[in-house]
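Side-chain atoms are counted along with the backbone in the values below, which use heavy atoms only and exclude waters and symmetry mates. First the proteins, then the strands, lettered A, B, ... as listed; each starts at 1.
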Protein chains: 2
Amino acid sequence: MSQGLSTTSYALLGLLAFDGAPTSLTGYELKQRADRTLRFYWVSPAMSQVYSELERLAGLDLVTASSEQTGRRKSRRYQITPAGLEELQSWLTSSTADFPTLKHPAALRLLMGHLIPPERMRGLMQDYLDQLTRRRAELSEVRTMLGDREAVRYPAMVADWGLGYYDSETRIVTELMQRLPG
Amino acid sequence: MSQGLSTTSYALLGLLAFDGAPTSLTGYELKQRADRTLRFYWVSPAMSQVYSELERLAGLDLVTASSEQTGRRKSRRYQITPAGLEELQSWLTSSTADFPTLKHPAALRLLMGHLIPPERMRGLMQDYLDQLTRRRAELSEVRTMLGDREAVRYPAMVADWGLGYYDSETRIVTELMQRLPG
DNA sequence: TGTAGCATGTAAGCCGTTACATGATTGA
DNA sequence: TCAATCATGTAACGGCTTACATGCTACA
C-alpha cells in the first residue's frame, strides 16, 4: 500500500524476487545483479544507494534484514517478504508505465552539428558507434549466460530487446553518417 | 572555460545558438523550443529549471539578459554571447559523450514478467505500443515542420533518428509479444 | 465575467552521485 | 606484504521536480 516508493526501489525489490525460492542477498550481491540486468534498461544505482534503499525497504517490512557474523566480519542479508512481493505485484499490475526517458548525449551533439566542422561531427558519431559495439558485446555476454532456460524467459526477452535496440542504433547512425556534409 | 556546467545547461545554450543571427528568447519561448526538440533526446526541463539555468548562464556571461517592460508587464529576454558560443563549441569538440541513459519502465516490467499473468503482461506491452504510436506522431509533426531546409539539416537528422528508433521499438515489441506464453 | 494561456519566479524536497571512511579476506 | 576485492556505510551536494505564488492578456 505504501505509495512513496521510487521506481528504483521497485526495481531492486524485483531483483530480490527473482529466484523461485526466496534467496537472501547482500547489498553487494544485489548491486552485481543490477549491473547484469537493470543497468541496460534502467540504471545502475550506486552502492550507497543500494544500501540506503534496502534499509528503507526493511523499514517498510517489504524486506527482512538479517545480520550475520562470519568470523569477525559482519554482513547483512536481505530477503523479500510476502508483503514485499504483494506490493511489487500490485505495482506491476496497477500502475501505468511512463514513456521511457532517453538521455542521449550523441543525439544532443548532432542537434548542434552546425556549430562544428563536419569531420569533427563524424568523429563523434564514430565514437558512439564504438561505444555501441562494446555495449552490445557486454549485453550479448549476459544473454549467453541466460540461455533458453524457462526460469529466465523474461530476462532473456529483455536482453533480446536490448540487443535489437543496439543493432537498430548502429544501423540508424551508420545511415546518418552518410548524410553528413563533406 | 567554466567547467561546472551540466549537460542540460549546454543543451539550453545550444537552443539559444540555433538561429544564424543571434535571437533573444524568453524563458517561456526557450521552454517551447525544448519541447519541440530536446524532449525527444534529452529532457524537457521544468519551467523553473529553465529560468534558473538562464540566470546561472547570465551570471557566467554566457548569455546576456535584458529586461523589457511591455506596458505594465516585465519580461526577460536572453541571448547567447560570443563567450557562450565559444564555450558551447569547445564543449562539443573537447568532451567525450557518455553512453545514452535509458530509463525504460516497460522493459523493467517485462523483466519481472514471471510475477504477473501473461495476459496482464501483454496488456502492458500493448500500452507501450500505443504510447509509441502517439509519440511517433508528435515527432513526425516536428519532422514535417523542419522539411528539408538546409538551415535545419541537423535537427532534421536527429528527428529522423528518433523516428527510426520509435519504429524499431515498435517492431521489437511486436515480436516480443508473440513470445509471451498463453 | 471568467477561464485559458502567457510569463516569471521561489521553496521544499527527492533521487542519485561522488567523495570519504573503515576494515576484512584472498591470493599473487 | 601488498593489492585487489569484498563489504558497509556517512556526508555533502547537484539536478530536477512539484507545489505554490503572482499577475497580465486575450477571448468566449
Next item on the list: Determine the interplanar angle of the A:Tyr154 and B:His114 rings, folded into 0 to 90°, and report it as parallel if under 30°, tilted if 30 to 60°, perpendicular if over 60°.
Entry: tilted

Margin query: When you compare the side chains of B:Arg77 and B:Thr26, does any donor N or O come within less than 3.5 Å of an acceptor on the partner?
Written below: no

Notebook entry, point to check: Can A:His104 and B:Tyr165 be counted as having a side-chain donor-acceptor contact under 3.5 angstrom?
Noted result: no

Check: Between C:dG16 atom P and A:Glu55 atom CD, what is the distance in whole Å?
Finding: 17 Å

Next item on the list: Apply side-chain contact (heavy atoms from CB on, under 4.5 Å) to B:Gln79 and list each qualifying residue two or more places apart in sequence or on a separate chain.
Entry: B:Pro22, B:Ser24, B:Thr64

Next item on the list: Please report, rounded to the nearest Å, how far the C1' atom of D:dC6 is from the CZ atom of A:Arg77.
Entry: 12 Å

Next item on the list: Under 4.0 Å between any heavy atoms, over every strand shown, what does A:Ser52 touch: base, sugar-phosphate, or nothing? Just pick one.
Entry: nothing

Check: What are the two closest non-hydrogen atoms of A:Ile80 and A:Ala17, and how far apart are they?
Finding: CD1-CB, 3.9 Å

Item checked: Length of the line joining B:Glu29:CD and C:dT8:C1', which is rounded to integer Å -> 13 Å

Check: Could you state the CG-C1' distance from B:Leu30 to C:dC6, rounded to the nearest angstrom?
Finding: 16 Å

Item checked: side-chain contact (heavy atoms from CB on, under 4.5 Å) partners for B:Thr23, two or more places apart -> B:Asp19

Notebook entry, point to check: Tell me: CG of A:Leu12 to P of C:dG16, nearest whole Å?
Noted result: 9 Å

Check: Starting at CZ of B:Arg76 and ending at C1' of D:dC24, how long is that distance when rounded to a whole Å?
Finding: 19 Å

Next item on the list: Rounded to the nearest angstrom, tell me the gap between atom OH in B:Tyr51 and atom C1' in C:dG9.
Entry: 8 Å

Item checked: Footprint string (nucleotides 13-20 of chain D, 5' to 3'): B base within contact, S backbone only, - free, heavy atoms under 4.0 Å -> --SSBB--

Next item on the list: Rounded to the nearest angstrom, tell me the gap between atom OH in A:Tyr28 and atom P in D:dG9.
Entry: 15 Å

